[in-house]
Amino acid sequence: MPGIDEYLKSHARRFEDELCELLRIPSVSADPARREEVRRAADWVAGQFGRLGFAAETISTSGHPLVYAESPAVPGAPTALVYGHYDVQPADPLDQWTSPPFEPTRRQGNIYARGATDDKGQMLTHIKSVEAWMAVEGRLPMNVKFIIEGEEEVGSHALEEFIVEHSDRLACDCVVVSDGAQFAPGQPAINYGLRGIAYYELRLEGPDRDLHSGSFGGSVTNPANALAAMLAALIDQRGKVQIPGFYDDVAPLSQRERKELASLPFDEQEYFEQIGVEGAAGEEGYSVLERRWARPTFDISGLSSGYQGDGAKTVLPAAATAKFSFRLVPDQDPAKITAALRSQLEELRPPGIEMKLTDWHGSAAVQVPLESPYIEAAARAIEHAFGTPPVFTREGGSIPIVTTFHDSLKADTLLLGWGQDDDNTHSPNEKFSLADFHRGTQASARLWHELSRIAT
Ligand code: BES
Ligand code: MN
Ligand code: MN
């Protein structure tokens with residue numbers, strides 16, 4: 001495919017500029033004030049397919065729009081469904097960004113912006129690879145469908161419904177997702193597992209208004225105290241979640257897999273240095289990679305109550321809220337976790353406190369079988385572009401919709417992350433290496449060639 005690789009090289013700079021265009025749109029799905037911006041990002045993506053001459057639509061939903069596109073049919077050839085998301089996480093804390101989050105900036109071979117790696121940059125690699133095929137060959141060697149959503153960062157509710165309702169239209173032999181990371185710089189990976197997630201908000205209410213903490217303290221339950229105590233009781237010092245039944249369905253790691261994970265070239269010391277912490281935390285008896293990829297967790301993501309301004313204010317707050325989640329592993333069921341959590345919180349709730357638990361979203365963990373011609377094809381494509389074969393890894397993050405692809409489309413997903421662990425996803429100064437952007441595009445272009453040779 002010299003013509004295609006040549007095209008990718010000679011248009012690399014324009015691809016970067018186009019990525020910058022998309023990155024300038026602040027498509028924060030969680031922020032109702034950005035609704036129009038989110039739509040603008042959807043239109044931008046749809047415009048890309050329109051220019052390729054693909055049948056493309058922006059589909060309105062009860063939430064943010066979906067973009068769906070299909071390449072011209074190649075009868076008898078396999079069909080891949082590319083999934084990606086054009087929505088991004090909120091950019092705060094803004095004061096910690098070196099350059100503003102929605103003013104993409106090139107520095108040291110990276111592009112810095114919210115969404116650079118998660119997932120605008122990675123998603124775009126598949127659009128640009130398809131563009132190269134259309135420009136050079138006038139056609140793709142197989143069928144490629146695209147479903148690009150705007151609600152991944154808030155739980156993919158509209159997409160889930162869409163897939164269930166339109167499973168015929170989305171029918172495919174495999175799903176392709178680039179929304180994750182390589183194992184290390186220079187070491188690409190194919191992910192064969194993602195953790196699931198169960199995300200909640202807990203609100204505790206006590207007195208019917210904020211009170212003077214001196215006049216009233218000690219006589220009524222303080223919702224902030226209660227929240228701290230209840231959350232602390234959900235996990236012990238050894239990193240074990242303290243909810244009856246929580247571990248019942250956890251699939252243990254096999255000896256073989258533990259060996260394989262241990263053989264990956266992972267330097268724990270370097271890892272902690274890179275994050276800026278002194279040492280490890282977590283569940284006893286498991287390596288850092290096992291803790292991140294194959295064990296369930298409990299993490300608080302937000303806490304709010306009482307006085308948050310400058311200086312001191314002696315107040316006994318009327319209410320307190322927390323946002324928190326559990327990462328889940330095979331074969332934990334988010335619905336069962338919710339039920340168990342609810343009854344445990346009910347146990348822990350002190351007198352004088354009313355409790356409201358909101359279940360924001362939940363999805364089970366994902367495992368992809370490694371013995372498949374699709375995985376082999378992807379490995380060859382990656383080796384072609386990155387110059388080295390991929391290692392096989394799991395991931396700690398979640399892409400809930402992959403479960404739906406499996407259940408509704410009966411298709412396995414190729415998880416081909418082009419990012420790096422230090423890309424600062426969801427953090428200030430998110431970046432994507434331009435070299436990874438271009439190698440990812442090259443690997444994607446090669447993937448269509450490799451997949452097209454698999455008999456269907
Ligand atoms: N791209 C990430 C998931 C991810 C992160 C995969 C790291 C592999 C490595 C995705 O955009 C994401 O952030 N997902 C959320 C899911 C949630 C909002 C339902 C997550 O994992 O927190
Ligand atoms: Mn993502
Ligand atoms: Mn994300």
Side-chain angles (χ1 to χ4, degrees), residues 22-23 27-31 41 63-64 82-91 101 113-126 147-160 175-184 188-201 275 289 292-294 296-302 323-329 334 337 358-368 390 392-404 413-428 430-432 436 440:
L22 179 58
L23 291 171
S27 46
V28 180
S29 50
D31 184 354
H64 297 299
V82 175
Y83 163 80
H85 63 95
Y86 64 80
D87 66 320
V88 300
Q89 287 274 326
R114 172 57 86 234
T117 189
D118 185 12
D119 176 43
K120 289 172 173 175
Q122 296 200 50
M123 177 264 295
L124 197 59
T125 62
H126 298 298
I147 183 84
I148 313 293
E149 70 158 319
E151 293 188 312
E152 196 278 342
E153 302 291 8
V154 291
S156 301
H157 296 289
L159 178 57
E160 186 166 347
V175 180
V176 176
V177 178
S178 293
D179 189 20
Q182 302 176 53
F183 182 65
I190 293 179
N191 304 145
Y192 62 93
L194 295 167
R195 285 197 289 196
I197 187 168
Y199 196 109
Y200 306 95
E201 182 165 334
I275 312 175
L289 287 182
R292 291 169 64 198
W293 294 351
T297 60
F298 165 67
D299 279 292
I300 300 169
S301 290
K323 295 177 195 278
F324 60 88
S325 68
F326 302 94
R327 293 287 166 170
L328 309 178
V329 299
I337 298 296
T358 307
D359 174 4
W360 279 117
H361 53 76
S363 70
V366 169
Q367 264 186 318
V368 186
F392 294 91
T393 61
R394 285 165 78 158
E395 268 292 355
S398 312
I399 309 175
I401 208 66
V402 173
T403 311
T404 316
T413 296
L414 295 170
L415 295 162
L416 315 177
W418 310 139
Q420 299 292 346
D421 272 345
D422 68 355
D423 276 348
N424 293 323
T425 49
H426 299 198
S427 301
E430 179 176 347
K431 67 157 173 72
F432 189 27
D436 284 335

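Reckoned from all heavy atoms, side chains included, excluding hydrogens, waters and symmetry mates. For the single chain, residues carry numbers from 1 onward in sequence order. We count ligands from 1, going down the list as the structure has it; atoms in each ligand are counted the same way.
Summary of contacts: the protein heavy atom closest to atom 5 (C) of ligand 1 is Gly397 CA, 4.0 Å. At the shortest separation from atom 14 (N) of ligand 1 among protein heavy atoms lies Ser398 O, 2.8 Å. Of all protein heavy atoms, the one lying nearest to atom 11 (O) of ligand 1 is Glu152 OE1, 2.7 Å. When hydrogens are left out, the protein atom nearest atom 19 (C) of ligand 1 is His361 CE1, 3.2 Å; that is the closest non-hydrogen contact. When only non-hydrogen protein atoms are considered, atom 9 (C) of ligand 1 lies nearest to Glu395 OE1, 3.0 Å. Protein heavy atom nearest atom 18 (C) of ligand 1, with residue, atom name and distance: Glu153 O, 3.5 Å.
Interface atoms of ligand 1 facing Arg327, defined by a heavy-atom separation under 4.0 Å, are 20 (C), 21 (O), 22 (O). Within ligand 1, the atoms closer than 4.0 Å to a non-hydrogen atom of His85 are 11 (O), numbered from 1 in the order shown.
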side-chain contact (heavy atoms from CB on, under 4.5 Å) between Leu194 and Ser398, worked out
CA-CA 6 Å; Leu194 295 167; Ser398 312; 5.7 Å; no
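Side-chain contact between Leu328 and Pro334 is present, with at least one heavy-atom pair separated by less than 4.5 Å. Between Arg394 and Tyr192, the closest side-chain pair of non-hydrogen atoms falls below 4.5 Å. Using a 4.5 Å heavy-atom cutoff, the side chains of Ile401 and Glu152 are not in contact. At a threshold of 4.5 Å between non-hydrogen side-chain atoms, the residues Pro101 and Glu430 do not count as touching. For the pair Val28/Arg114, no side-chain contact is recorded, criterion being any heavy-atom separation below 4.5 Å from C-beta on.
Of the candidates Lys120, His64, Glu153, Ser27 forms a side-chain hydrogen bond (donor to acceptor under 3.5 Å, both in side chains) with just one, namely Lys120. Exactly one of His361, Glu149, Glu151 qualifies for a side-chain hydrogen bond (donor to acceptor under 3.5 Å, both in side chains) with Ser156. That residue is Glu149. Screening Asn424, Asp422, Thr425, Asp436 for a side-chain hydrogen bond (donor to acceptor under 3.5 Å, both in side chains) with Lys431, the sole residue that qualifies is Asp422.
Take Asp179 and apply the side chain to side chain donor-acceptor pair (under 3.5 Å) test, not counting sequence neighbours, and it matches His85.
Using a 4.0 angstrom heavy-atom cutoff, Thr425 does not count as in contact with ligand 1. Assignment of Pro400 to the shell around ligand 1 is supported, since a heavy atom sits closer than 4.0 Å. In this structure, Asp179 has a heavy atom closer than 4.0 Å to ligand 1.
Protein N, O or S atom count below 2.8 Å of the Mn ion (ligand 2): the structure gives 4.
Not one N or O of Gln89 is nearer than 3.5 Å to an N or O of ligand 1, by distance alone. For a threshold of 3.5 Å applied to N or O pairs, the pair formed by His426 and ligand 1 contains at least one separation below that value.
Thr117 and Asp423 form a side-chain donor-acceptor contact under 3.5 Å, judged by distance and modelled atom types alone.
Going from atom CG of Asp299 over to atom OH of Tyr199 covers 10.5 Å, rounded to the nearest 0.5 Å.
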